[in-house]
Amino acid sequence: MTPAAHESSTERSLNFIEQIIEEDISAGLHDGRVLTRFPPEPNGYLHLGHAKSICLNFGLAQRYGGQTNLRFDDTNPVTEDTEYVDSIKADVRWLGFEWAEERYASDYFEQLYNFAETLIQKGLAYVDESTAQEIAAMKGSPTVPGQNSPYRDRSVEENLSLFRQMRAGTFPDGAKVLRAKIDMASPNMHFRDPIIYRIKHAHHHRTGDTWCIYPMYDFAHGQSDAIEQITHSVCTLEFIPHRPLYEWFIEQLAIFPSKQYEFARLNLTYTVMSKRKLKKLVEGGFVTGWDDPRMPTLAGIRRRGYTADSLREFCERIGVAKRDNLIDVGLLEFCIREELNRTTDRVMAVVDDKPIKLVLTNYPEGKEETLHIENNPEDETAGTREVPFGRKVYVERDDFMEVPSKKYFRLAPGKMVRLKGAYIVQCDEVIKDETGEVTELHCTYIPESKSGQDTSGLNVKGTIHWVSVAHAVPAEVRLYDRLFAVENPAVEEKEMESDDDNAFLSLLNPTSLVTVKALVEPNLADRAVGSRVQFMRKGYFTVDADSTPGHLVFNRTVTLKDAWAKEVKKA
RNA sequence: AGCUCGAUAGUAUAAGGGUAGUACAUCAGAUUUUGGUUCUGUCUGUCUAGGUUCGAAUCCUGGUCGAGCUACCA
């Protein structure tokens, strides 16, 4: 699709990268070809920050008739594993994207090695045998220029021979490194003779034991881009200082001129996005795993009940720019509600460890009715379902107040409400146990008020959900809430000024998971894992993988908006 | 301290020298057999000081504030 054609088919304005690409296309750069790449390191699970990057990279290519490679940046064998490769591929596909080619930086090890020799030959790289500490010390600081290594001026021949011995496995880990010879006084720390190869006698997940030297990120990423002829290499802001180096290597090696562009990574309120911190949560048992529904990982959020569509919509709405941002998690919740409101069936579930039993004293003993209740008022084609009704039903404790406030229009002594899809009932008598806790409400129902054929003329403000006592199916419900109690854990952590890098754990929300019992409609009994419903007046729920026949487990994906809760909070 | 990047409503994001717009959030109202949905209305913004210009969010200069950079991680 041409930019012009697209212009007319969308309202959305262009982000800065799209603007660059359109300029490139009109300038005829690379004959208008667009090839992007998504370059994860296979050392962890993908999270929402990656989702932003995936949607950006694949979205750019789709928009401009290009393609996207999936490239694993696997240059550090000690942290990487195929387990992650598989989960990353699954997550990208789940999000709804298909890559043109699956590549690995390790595919290019031989080529990268040759690039290194080229650099040596040009007198632009040397083997340094200083220790890590010495190298760090000689590096200087942003305000103090570094010092040249004593090994900086070795001859090309010596460097070549040493480098070949490095490859051959002559030296132990850390004994030597290959460094680019640039400028130890550069204000850009990355130009102070960056290390480009290090010795690691480690098993690589793909190349096995073929190599004992591995290129550093800076010597692998740009060249990999060039080898694949990536036109637009999009990464996050922290790589800005690397860009001059990225370009330097490309220029010195005279290879395909890929260009790097940087955007601001996603930050979300009430969570953390750093791999390191997420790992701590998993390893410390603060969550049940990488796919815990509270985690911002794609695996977690998927299990929570989020859809790929809603995530893509979210990524579209947050935009792309260069300024640091903190997105309100409320926007994510809006995106999933918007979809689930449209697509899920409404059902009734009394989510309460101690529900109240409601007895309709004027409803004949033993009588049962089958009610037909619409599945989704937003979707006529969703049809109706059968819901059994009887003399006794469960309702939630929150839907009764012995001494109601003025604006409370649920059950209270003497008050009327409608039981959703059934009858209007009036609360006559409150039954309590010996501790004074309400256990039952005796009500009378209005026979002429039956849903759909109401001739009672009554008009009640409140409608509450219920489940027939005789037909209720027990279930476990996991009420998930924000992982952290504070809006911006990263900033709070900084403000604590603690040396303890576990300090952020004290900011966790202690009620991020509340497990309660529920009684649900019988037709929910055989829902498949992963299916989604709206529990009327409660929220959207999905059947968790922990469910077994006879033991249903529901995850709360997100609550409904709750104007009443706001009202209560105000008071 | 040096270098780099950034700064537009509460949060994001547009406007590329010519009316500061959109979404989410907020608040208010209407509708509603979900205190949901939907609809209507409402509120709040160009970091600062100069300069260029008929005209500046936009261009220039200084300042302020925020972020990143100083791993044999990516």
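To find a chain, count down the sequence lines: A is the first, B the second, and so on, and within it residues start at 1.
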- Message: If I take atom NZ in residue A/Lys415 and atom P in nucleotide B/G35, what distance separates them, rounded to the nearest angstrom?
- Response: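 Result: 14 Å.
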- Task: Grab the CZ-C1' distance between A/Phe16 and B/A15 for me, whole Å please.
- Result: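 Atom CZ in A/Phe16 sits about 17 Å away from atom C1' in B/A15.
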- Rounding to the closest angstrom, what is the interatomic distance between B/G21 and B/A57 at atom P?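 To the nearest whole Å, 13 Å.
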- Where each residue is assigned the nucleotide of RNA chain B containing its nearest heavy atom, which of A/Gly140 and A/Glu23 is assigned the position nearer the 5′ end?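 Nearest-nucleotide comparison on RNA chain B picks A/Glu23.
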- Whether each nucleotide of nucleotides 18-27 of chain B has a protein heavy atom under 4.0 Å at its base (B), only at its sugar-phosphate (S) or at neither (-) is summarised, 5' to 3', as -----SS-SS
- Query: So, A/Trp564 and B/G35: ring centres less than 5.5 Å apart, planes less than 30° off, yes or no?
  - Reply: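 Ring-base stacking flag set for A/Trp564 and B/G35.
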Contact class for [X] vs. all strands (heavy atom < 4.0 Å): base, sugar-phosphate, or nothing?
X	answer
A/Leu419	nothing
A/Phe72	nothing
A/Ser130	base

- Partner of B/U19 by Watson-Crick or G-U wobble geometry, both contacts under 3.5 Å, or none?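 No nucleotide pairs with B/U19.
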- Watson-Crick or G-U wobble partner for B/G2, using a 3.5 Å limit on both distances?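 Paired with B/G2, as far as the under-3.5 Å criterion goes, is B/C69.
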- Item | Polar side-chain contact A/Glu378-B/G36 base: donor and acceptor under 3.5 Å |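 It does, because a donor-acceptor pair links the side chain of A/Glu378 to the base of B/G36 below 3.5 Å.
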- Distance flag, aromatic centroids of A/Tyr84 and A/Tyr45, threshold under 6.0 Å: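 So the answer is yes for these two rings.
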- Task: Look at the aromatic rings of A/Phe239 and A/Tyr217 and report parallel, tilted or perpendicular, splitting at 30° and 60°.
- Result: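 Ring orientation of A/Phe239 relative to A/Tyr217: tilted.
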